[in-house]
Amino acid sequence: MKKSFLGSLIGIGIVVIIDLLSRVVIALYMKEDILMFSYSNYPGLLWPALLTVIGGFSTLFGGMFALTYGRIKQVFTVILFTTFIVLLRYGQIHILYETETILFPLLTFTLSLIAVFLAWKFIHKPKEKASEFKPEEIQKDSTFRNEVNRPH
């Protein structure tokens with residue numbers, strides 16, 4: 001449980017760091033102020049769209065780290081990481097809904113949820129139960145045993 005919690009927190013840290021680094025690079029390139037959450041204050045449509053896509057990819061990377069680090073209890077880890085990402089993205093929407101269009105934060109929220117699902121699909125490997133045998137496998141196994149034990 002400790003690894004799940006720590007992995008989820010580090011995963012959220014990865015999301016925030018990648019988001020912030022992308023905003024710093026764009027702000028330096030555009031010679032603008034660094035905007036912590038805003039999307040539409042950047043000129044044009046390219047930069048908000050790029051920030052939206054980067055938000056989705058950062059969630060994918062953070063989720064993959066969290067699920068890899070907390071692999072002992074992956075279900076708990078994915079629930080915890082999803083809760084943290086929902087809180088982060090909802091907080092972002094809540095801060096921005098009065099000042100700018102809500103399209104890009106909602107797209108980032110949606111891409112983040114899709115990214116958590118994809119990270120779950122990439123990392124999670126279902127465990128096969130040892131007691132479940134297919135009838136063909138049992139038949140092949142018994143045939144092999146009979147051939148080995150038969151005198152020549």
Side-chain angles (χ1 to χ4, degrees), residues 1-138 140-141:
M1 191 160 135
K2 283 191 241 180
K3 283 196 167 203
S4 296
F5 188 74
L6 185 61
S8 295
L9 285 179
I10 293 173
I12 289 296
I14 290 170
V15 170
V16 170
I17 287 170
I18 292 174
D19 283 352
L20 289 177
L21 281 177
S22 65
R23 289 175 182 278
V24 167
V25 168
I26 290 172
L28 290 176
Y29 179 75
M30 297 299 295
K31 296 179 183 157
E32 298 273 335
D33 293 333
I34 298 172
L35 304 169
M36 180 81 169
F37 294 114
S38 181
Y39 289 89
S40 61
N41 288 342
Y42 291 105
L45 186 62
L46 174 69
W47 302 115
L50 184 65
L51 285 172
T52 301
V53 171
I54 289 172
F57 277 117
S58 67
T59 304
L60 179 68
F61 297 141
M64 288 178 71
F65 177 84
L67 288 170
T68 303
Y69 192 78
R71 69 180 157 266
I72 295 172
K73 297 187 179 195
Q74 282 188 340
V75 174
F76 181 67
T77 305
V78 78
I79 291 170
L80 199 59
F81 182 76
T82 304
T83 303
F84 287 154
I85 203 71
V86 165
L87 289 174
L88 176 72
R89 298 300 182 200
Y90 176 75
Q92 198 174 30
I93 291 170
H94 184 69
I95 288 171
L96 295 176
Y97 81 94
E98 292 178 353
T99 59
E100 67 178 60
T101 179
I102 208 73
L103 175 67
F104 293 114
L106 282 176
L107 284 174
T108 306
F109 181 80
T110 306
L111 285 176
S112 294
L113 292 179
I114 291 169
V116 170
F117 176 75
L118 289 175
W120 172 256
K121 285 296 186 183
F122 289 153
I123 301 297
H124 180 69
K125 304 282 189 242
K127 296 177 184 176
E128 291 185 22
K129 295 181 181 176
S131 62
E132 293 182 12
F133 287 108
K134 295 179 182 176
E136 303 102 30
E137 292 176 359
I138 295 172
K140 288 179 185 177
D141 188 42

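All of these numbers come straight from a predicted model, not from anything done at the bench. Every heavy atom of this structure was used, including side-chain atoms; hydrogens, water molecules and symmetry mates were not.
- Side chains of Val78 and His124 form no contact here, defined as non-hydrogen atoms less than 4.5 Å apart.
- Contact record, Leu96 with Pro105: CD1-CG, 3.7 Å, taken as the closest heavy-atom pair.
- A distance-only check finds no donor-acceptor pair linking the side chain of Thr59 to the backbone of Ala115 [under 3.5 Å].
- When all heavy atoms of Gly62 and Val15 are compared, the pair lying nearest together is CA-CG2, 4.2 Å.
- Looking only at side-chain heavy atoms (C-beta outward), Phe109 and Val86 come within less than 4.5 Å of each other.
- Relative orientation of the Phe5 and Phe84 rings is perpendicular, given thresholds of 30° and 60° on the angle between their planes.
- Residue Gln92 holds its CD atom at 7.0 Å from CG of Asp19, rounded to the nearest 0.5 Å.
- Phe57 is not listed as a side-chain neighbour of Ile18, based on a closest heavy-atom distance of 4.5 Å or more.
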Problem set entry | Verdict with supporting geometry, Trp120 and Val75, side-chain contact (heavy atoms from CB on, under 4.5 Å) | CA-CA 9 Å; Trp120 172 256; Val75 174; 3.9 Å; yes
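- Annotation: the span from Ser112 atom OG to Phe81 atom CZ amounts to 8.0 Å, rounded to 0.5 Å.
- The neighbour count for Met30 CE, taken as heavy atoms of other residues, nucleotides or ligands under 6.0 Å away, is above 12.
- Closest heavy-atom contact between Pro48 and Ser40: CG-CA, 4.4 Å.
- For the pair Leu45/Phe104, a side-chain contact is recorded, criterion being any heavy-atom separation below 4.5 Å from C-beta on.
- Arg89 has its side chain out of reach of Leu106: every pair of non-hydrogen atoms, C-beta onward, lies at least 4.5 Å apart.
- With values rounded to the nearest 0.5 angstrom, Ser4 atom OG is found 11.0 Å from Leu9 atom CG.
- The two residues Gly56 and Leu111 have their closest heavy-atom pair at CA-CB, 4.0 Å.
- Counting heavy atoms from C-beta outward, Leu88 and Val16 have side chains that approach closer than 4.5 Å.
- In terms of heavy atoms, Gly7 sits closest to Ala66 at O-CB, 3.3 Å.
- The OG1 atom of Thr82 sits 11.5 Å away from atom CZ of Phe117, with the distance rounded to the nearest 0.5 Å.
- If you take CZ on Arg23 and CD1 on Ile34, they are separated by 11.0 Å, rounding to the nearest 0.5 Å.
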For this session: Using the side-chain contact (heavy atoms from CB on, under 4.5 Å) rule, take Met1 and Leu80 through it: C-alpha gap first, then chi angles, then the decisive distance, then the call.
Result: CA-CA 10 Å; Met1 191 160 135; Leu80 199 59; over 6 Å; no
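- The heavy-atom pair separating Gly70 from Thr77 by the smallest distance is O-OG1, 3.1 Å.
- The aromatic rings of Tyr97 and His94 sit tilted relative to each other, their planes meeting at an angle between 30° and 60°.
- Side-chain contact check for Gln74 and Arg71: no donor-acceptor pair (N or O, by modelled atom type) lies under 3.5 Å.
- In this structure, the side chain of Glu100 does not engage the main chain of Asn41 through any donor-acceptor pair within 3.5 Å.
- Remark: Glu32 CD to Tyr42 OH distance equals 8.0 Å, nearest 0.5 Å.
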